[in-house]
Amino acid sequence: LEWTHGFSSTLPDSVVNLSTSASPTRRLAYVAAHTLVVHESDASDTLGSSAKQFALRGHRSAIISVRASDDRAVVVTAEAGPDARVIVWDVDELRPSRQIEGRHPSGVAAADLTPCGRWYATIENGALDRTLKRFSQTVRVWDLHDTTSDTPSFVGVTPKELADDKQTCVKFNPAAPRELVTNGKRGVAFFCSDEDFETTKDEEKDEDQNESSVYALTGDAFRPRGSPERRSEVRLRAYAPPVRAGDLNQRVADFTSSAFVTVPCDGSSGAEGLGRCVTGTAEGDLVVWMAGGVPPGGPGAFEARGMRETDRRAVKIVRAHARGAVTHASRVAVRETFSDADVFLVTGGSDGNVRFFDVELRLVAWFDGLDAGGVTSVSFVKKASSASAAATFSKGVKAEKTGALGDGDEKTKAFAAPDFVVATNESLVYSLISKDFETLGSAEAVARATLLARGAMEPAVALAAHPTDPVLCFAGADGGVWTWNFLTRRVVRHVDLTKKGSKPNSAPTCVAYRRDGLGVIVGTRGGELKALDAETLVETQAMRFTPDAVTRVVCSDDPACAYAAAADKAGGVSLFQMLGPIHEPRDGADPSRAFDFVGKHRSHTEETPCVGLAFKTSADGESVELASVGAEGRVARYDVEGSTAEDGVDVLEVSDVALGGEAAGGDARPTAAAFVSAARRVSAEESEGKRRSASSASDESDSGSESDESDESDESDE
């Protein structure tokens, strides 16, 4: 794999910042489908022409999570598919250092890693639990320092109250990693152990610094008191606090992401060291979870859900993003000598804004106005720069105060945090300098953001290669069509066929170049065939020929590029007569017609649609044939030149037995089809002939040797 265009930009937290503030090299790790890509570029190279990529492969299905320790010594990925694999990477050596397999039959839904890089948690996609007789998901916690076994150290099952709410996020409490939180759209669950834990000397030292785990957690937080070694598969207790609009005095929107943030601990709450937990919502709010206080509904209501009076409950809602959902939530610590002022809750929104809150959930910094799409990842450098970490509090800035953004008085202090990168759902990655907020203000800090990577405009659903130029044409899931030069690695043109969503049926589903490269043919969701200028992507003709979505489109390989064909979702195959090169009209002239409809034949069905469609021109160029292959194994051949608008598509042959598929009672399941070129067939036949000749010669040689040996034996006997 030489290069990837784009990354899994809609996947939460799919980008990890591997850079340091002092280094001139910008280094990222990001998910691209089933591959982890390490991307390096020079800070001074604004065009990215000198960028390098390294593909780390080993996953069999799409990666669902990438997590990294604070020092980036440990990077872990997990995949979503069945029998999911977890891989621990050494990104400096660009190789895997460990794999965990056989523990996630239904795949991984989400994962998290403690800042020290020792404890790793996953939550499985889930399945019907025959014992519990309900849908459940399993949370597992691994000790990555224990390389002798792949058995998880701790295991828990989601509470029965969440049987209808798949959990899609899991986070450790960095200040007390024995506690985890998960959330789905409508419910939140907390996991903790009932074991009495011992506290190590290193942890006691960290607690004195108001930070128990970010940089110096030894990993013994899960060790039961009096036990010389950690026990295997300790059960985690799980509970799901009720979420009622009446308790919070407002409606609670769907949940998106969760995070913990420490608070000053005065010992009065009964939740020493645990701090606050927040869960973002689709309407830009943060639901705050705290322990202690009077349980809503009284102790009886808590006991009915298997909860204790000291368990967390929803205590209030604060507003984080006024114009969009909370799409990212995490916690960052500024330096190794901690105080409450050095810990921030970081949120990203679908409005493109990134905001920092102190431990009292007061807004202290805001990077608003990055007009690059919704935020999906915020990742910090390995360590805060010396200048940022040593920033004084002499001048200060006044944080905004609104009734929704905090629960205390206005607080004045300087803002200091590590530099960070922001990734968006439009496949853009920007680098921002935290101290610019303090010295230049929010607007200028965002204006000075540096673009590090630009990927695909949107998720690609189809692509076609230009026959002669180093250009690929993509069709996007959100309605866009764009061309990308894979030598310069830059987008050449981009158009939105849906006109910003106002014409959803015009969304592209497939794309093909003319054989001569002079035009692009696009099939759409609404059953249209569109002709675009290959250079400008300007539409010159559109024709709706079927009520069903177009699934495949191809152009003939004859010198004149005289035909095109399309397959639709209902199993139909349509033929078109091409009328010449496709060009954008000049000087106000009307566009020329690019194609005419010839006819349609329903060779396949909606249940077994066309999975392969291809033209073949005879060696003498005198005839053109079209073939389609269905998912059931049916092969249909069409006489292209014998088909007319009056008589329709002329079918030469239909075979249900050629491939041994479902149509013939077999088990073959075709997924694609293409003609093999004559030159390649000759080459293959020559290779097979040479192989057979060599084999025959070898057999004759062996036979001759045996005969000679026999003769010699006879002579010796005489």
Side-chain angles (χ1 to χ4, degrees), residues 6-7 9 15 17 19-28 30 39 41-51 284 320-328 330 332 334 344-357 363-381 384-389 391-392 395-400 402 405 412-455 457 489-491 494 500:
F7 59 97
S9 57
V15 176
N17 191 357
S19 308
T20 59
S21 292
S23 174
T25 300
R26 305 293 174 84
R27 200 161 184 252
L28 306 171
Y30 52 73
H39 181 101
S41 61
D42 194 302
S44 61
D45 181 11
T46 57
L47 297 179
S49 57
S50 63
H321 295 264
R323 295 183 291 109
V326 176
T327 53
H328 170 89
S330 63
V332 63
V334 176
F344 299 107
L345 171 69
V346 185
T347 66
S350 60
D351 53 8
N353 300 333
V354 177
R355 297 189 159 191
F356 290 73
F357 299 83
L363 183 65
V364 296
W366 50 98
F367 293 79
D368 294 356
L370 186 63
D371 187 18
V375 175
T376 55
S377 301
V378 179
S379 184
F380 295 85
V381 294
S385 65
S386 58
S388 177
T392 65
K395 184 176 180 180
V397 335
K398 183 174 291 186
E400 292 181 347
T402 71
L405 284 173
T412 301
K413 60 184 174 184
F415 170 71
D419 296 336
F420 58 98
V421 299
V422 174
T424 75
N425 58 8
E426 293 186 1
S427 205
L428 300 170
V429 182
Y430 284 90
S431 173
L432 289 95
I433 300 174
S434 294
K435 68 178 181 181
D436 283 350
F437 175 83
E438 190 70 21
T439 58
L440 303 174
S442 174
E444 187 62 24
V446 171
R448 289 166 59 92
T450 302
L451 180 63
L452 299 184
R454 180 193 297 273
M457 313 297 289
R489 300 162 186 164
R490 296 182 67 82
V491 173
H494 176 269
K500 296 184 178 180

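Heavy-atom basis, side chains included; hydrogens, waters and symmetry copies ignored.
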K.L.:
Which pair of non-hydrogen atoms, one from V381 and one from P418, has the smallest distance, and what is that distance?
P.N.:
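Shortest heavy-atom separation between V381 and P418 comes out as CG2-CB, 4.0 Å.
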K.L.:
Under 3.5 Å, is there a donor-acceptor pair between the side chain of T424 and the main chain of G373?
P.N.:
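Checking the backbone N and O of G373 against the side chain of T424, no donor-acceptor pair under 3.5 Å is found.
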K.L.:
Answer yes or no: is there a donor N or O on one side and an acceptor on the other, between the side chain of T347 and the main chain of V326, under 3.5 Å?
P.N.:
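The answer is no, because no donor-acceptor pair under 3.5 Å joins these two groups.
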K.L.:
Kindly compute the distance separating CZ (F357) from CG (L363), expressed to the nearest 0.5 Å.
P.N.:
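Nearest 0.5 Å value for the CZ-CG distance: 5.0 Å.
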K.L.:
Measure across G6 and S427 and return the closest heavy-atom pair with its distance rounded to 0.1 Å.
P.N.:
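Between these two residues, the closest heavy atoms are CA-OG, 3.8 Å.
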K.L.:
Counting only N and O atoms by type, is there a donor-acceptor contact under 3.5 Å from the side chain of S19 to the main-chain atoms of R27?
P.N.:
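Such a contact is found between S19 side chain and R27 backbone.
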K.L.:
Which of parallel (below 30°), tilted (30 to 60°) and perpendicular (above 60°) describes F415 and F356?
P.N.:
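Ring orientation of F415 relative to F356: perpendicular.
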K.L.:
Please round to the nearest 0.5 Å and tell me the distance separating atom OH of Y30 and atom CG of L452.
P.N.:
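Here the rounded value is 10.5 Å.
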K.L.:
Rounded to the nearest 0.5 Å, what's the gap from CZ on F7 to CZ on R454? Could you check?
P.N.:
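Rounded to the nearest 0.5 Å, the CZ-CZ separation comes to 11.5 Å.
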K.L.:
Show the numbers, then the answer: is there a side chain to side chain contact (heavy atoms under 4.5 Å, CB included) between T376 and T327?
P.N.:
CA-CA 6 Å; T376 55; T327 53; 5.6 Å; no
K.L.:
Looking at residues at least two apart in the chain, or sitting in another chain, which of them share a side-chain contact (heavy atoms from CB on, under 4.5 Å) with S23?
P.N.:
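Partners of S23 under the side-chain contact (heavy atoms from CB on, under 4.5 Å) test: T20, T25.
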K.L.:
Could you pull out the closest heavy-atom pair between V15 and A423, with the gap in Å?
P.N.:
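Closest heavy-atom pair between V15 and A423: CG2-CB, 3.6 Å.
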K.L.:
With a 4.5 Å cut-off on side-chain heavy atoms, are V354 and L370 touching?
P.N.:
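L370 does not reach V354 side chain to side chain.
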K.L.:
Can you find a pair of side-chain heavy atoms, one from W366 and one from N353, that are under 4.5 Å apart?
P.N.:
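W366 does not reach N353 side chain to side chain.
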K.L.:
Does any N or O in the side chain of R355 come within less than 3.5 Å of the main-chain N or O of A320, such that one atom is a donor and the other an acceptor?
P.N.:
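Looks like yes, one N/O pair under 3.5 Å.
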K.L.:
Shortest non-hydrogen contact from L345 to S330?
P.N.:
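That closest heavy-atom pairing would be CD1-O, 3.3 Å.
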K.L.:
Could you measure the distance from the CG atom of N17 to the OG atom of S377? Nearest 0.5 Å is fine.
P.N.:
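Those atoms lie 11.0 Å apart.
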K.L.:
Would you compute the distance between atom OG of S431 and atom CG of L451 and round it to the nearest 0.5 angstrom?
P.N.:
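Between atom OG of S431 and atom CG of L451 there are 10.0 Å.
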K.L.:
So which heavy atom on S350 is nearest to which on G324, and how close?
P.N.:
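For S350 versus G324, the nearest heavy atoms are OG-CA, 3.2 Å.
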K.L.:
Do the side chains of D368 and V446 get nearer than 4.5 Å, heavy atoms only?
P.N.:
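Not in contact.
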K.L.:
In terms of relative ring orientation, are F367 and F437 parallel, tilted or perpendicular, with 30° and 60° separating the classes?
P.N.:
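It falls in the tilted class, 30° to 60°.
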K.L.:
If you take all heavy atoms of A417 and S434, which pair is closest and at what distance?
P.N.:
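Where A417 meets S434 most closely, the heavy atoms are O-CB, 3.1 Å.
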K.L.:
Determine, stepwise, if the pair V346 / F420 fulfils side chain to side chain contact (heavy atoms under 4.5 Å, CB included).
P.N.:
CA-CA 11 Å; V346 185; F420 58 98; over 6 Å; no
K.L.:
Rounded to the nearest 0.5 Å, how far apart are NZ of K435 and CG of D419?
P.N.:
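Between atom NZ of K435 and atom CG of D419 there are 8.0 Å.
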